[in-house]
Amino acid sequence: MSAPSLEVDLADLRTAASTCTSCGLCERRTHVVFGEGNPASPLVLVGEGPGDEEDKTGRPFVGRAGKLLDQALLDNGLTREHVYICNTVKCRAADWSTGKPVNRAPTDSETLACRQWLIPQLAAISPEVILCIGAPSAKNLIKKDFKITVERGRYFASDYSKTILATLHPAYILRQMNISGDGGYSLLVGDIAKAWEAAQRLREKRAMAPLMVAETQLGFEL
Ligand code: URA
Ligand code: SF4
């Protein structure tokens, strides 16, 4: 039996993206970090972009921030096998002006260039819910003027899923943790819970839809 078209689409996209030179981030990258996890999941997490560890390994969220994200998933009884994880840009964005790379947010033009991969990726997966991890992802997929501290945890309309919401980035939480309390970690855990519950509810509804149509048709014919 041939592989489901979803996996074929994603594999083709991954291969095509692996040689992309559409923006300047291609110049210093080691790996294009396409994404991984369960492509059949009802929930996709979209981060900002690869850091040092991710660039080295080719895998999303494997550095310090990634470990905190894993913990937040685990606190909800979830692993990476339950969700799909990818990023706004697929190559590392860093400032190299001091000789030592310092991670930075992707620019608007880098973000725009990389939508050629992200949008078809989301279309192939067709999740019920997208959870944007951090402000750059929310500005890309929800609205340009998204205010992460005010608007995180709220549902928005989406062209790429049934609904979309955003949460704090674990790298931001790690920085805040040094200053006070849990740095917003409990908000991250709560937003993942909210996103996962909605994703499951919406997926159940989708699974029921053909049955409901069949019943209606049956009723009509009788
Ligand atoms: N931060 C991100 O936004 N994405 C990663 O893959 C790693 C760190
Ligand atoms: Fe291509 Fe995206 Fe990498 Fe830019 S960041 S080179 S658009 S894959």
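Hydrogens, waters and symmetry mates play no part in the numbers below; they use all other heavy atoms, side chains included. One-based numbering, in listed order, for ligands and for the atoms of each.
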Do Leu73 and His82 pass the side chain to side chain contact (heavy atoms under 4.5 Å, CB included) test, and can you show the C-alpha distance, the side-chain angles, and the key distance before you say yes or no? CA-CA 9 Å; Leu73 286 167; His82 291 93; over 6 Å; no
Would you check if atom 4 (Fe) of ligand 2 lies under 2.8 Å from any N, O or S atom of Cys23? yes
Salt bridge or not between Lys143 and Glu151? Use side-chain N to carboxylate O under 4.0 Å. yes
With heavy-atom distances below 4.0 Å as the criterion, list the atoms of ligand 1 near Glu48. 2 (C), 3 (O)
Identify, for atom 1 (N) of ligand 1, the protein heavy atom at the shortest distance, and state residue, atom and that distance. His169 NE2, 3.3 Å
Close-contact set for ligand 2 against Arg29 heavy atoms, below 4.0 Å: 3 (Fe), 6 (S)
Hydrophobic cluster membership, with links at side-chain heavy-atom distances under 4.5 Å among I/L/V/M/F/W/Y: are Leu68 and Leu74 in one? no
For Ala113, the atoms of ligand 2 under 4.0 Å from one of its heavy atoms are 7 (S)
Return yes if some donor-acceptor pair links the side-chain N/O of Glu54 with the main-chain N/O of Gly63 below 3.5 Å, else return no. yes
Looking at atom 3 (Fe) of ligand 2, is one of the N, O or S atoms of Cys91 less than 2.8 Å from it? yes
Hey, does the Lys NZ or Arg CZ of Lys90 hover above the aromatic six-ring of Phe34, less than 6.0 Å from the centre and inside 45° of the axis? yes
Which ligand 2 atoms are under 4.0 Å away from a heavy-atom of Cys26? 6 (S)
Closest protein heavy atom to atom 4 (N) of ligand 1, given as residue, atom name and distance to 0.1 Å: Asn87 OD1, 2.8 Å
Shortest protein heavy-atom distance from atom 1 (Fe) of ligand 2, along with the residue and atom involved: Cys20 SG, 2.3 Å
Decide whether an N or O pair under 3.5 Å exists between Pro60 and ligand 1. no
Heavy atom of the protein closest to atom 2 (Fe) of ligand 2 (residue, atom name, distance): Cys114 SG, 2.3 Å
Would you mind telling me if ligand 2 is within reach of the side chain of Glu110, the backbone, both or neither, using heavy atoms under 4.0 Å? neither
Backbone, side chain, both or neither: what part of Glu54 comes under 4.0 angstrom of ligand 1, heavy atoms only? side chain
Are Ile85 and Val33 co-members of a hydrophobic cluster defined by side-chain heavy atoms under 4.5 Å apart? no
Ligand-residue contact atoms, ligand 2 with Trp117, heavy atoms, under 4.0 Å: 1 (Fe), 8 (S)
Between Gln121 and Leu10, does a side chain to side chain contact (heavy atoms under 4.5 Å, CB included) hold up when you go through it step by step? CA-CA 7 Å; Gln121 186 174 32; Leu10 279 178; 3.9 Å; yes
Can a salt bridge be assigned to the pair Arg29 and Asp55 using a cut-off of 4.0 Å between side-chain N and carboxylate O? no
Checking Lys67 against Glu53 for the side chain to side chain contact (heavy atoms under 4.5 Å, CB included) test, could you report, in this order, the C-alpha distance in whole Å, the side-chain angles of both residues, the deciding distance, and whether it holds? CA-CA 12 Å; Lys67 299 245 157 38; Glu53 287 288 316; over 6 Å; no
Check ligand 1 against Gly47 and write out every atom of the ligand that is under 4.0 Å from a heavy-atom position of the residue. 3 (O)
Asp108/Lys144 salt bridge by N-O under 4.0 Å criterion: yes
Starting from atom 2 (C) of ligand 1, find the nearest protein heavy-atom neighbour and note its residue, name and distance. Gly49 O, 3.1 Å
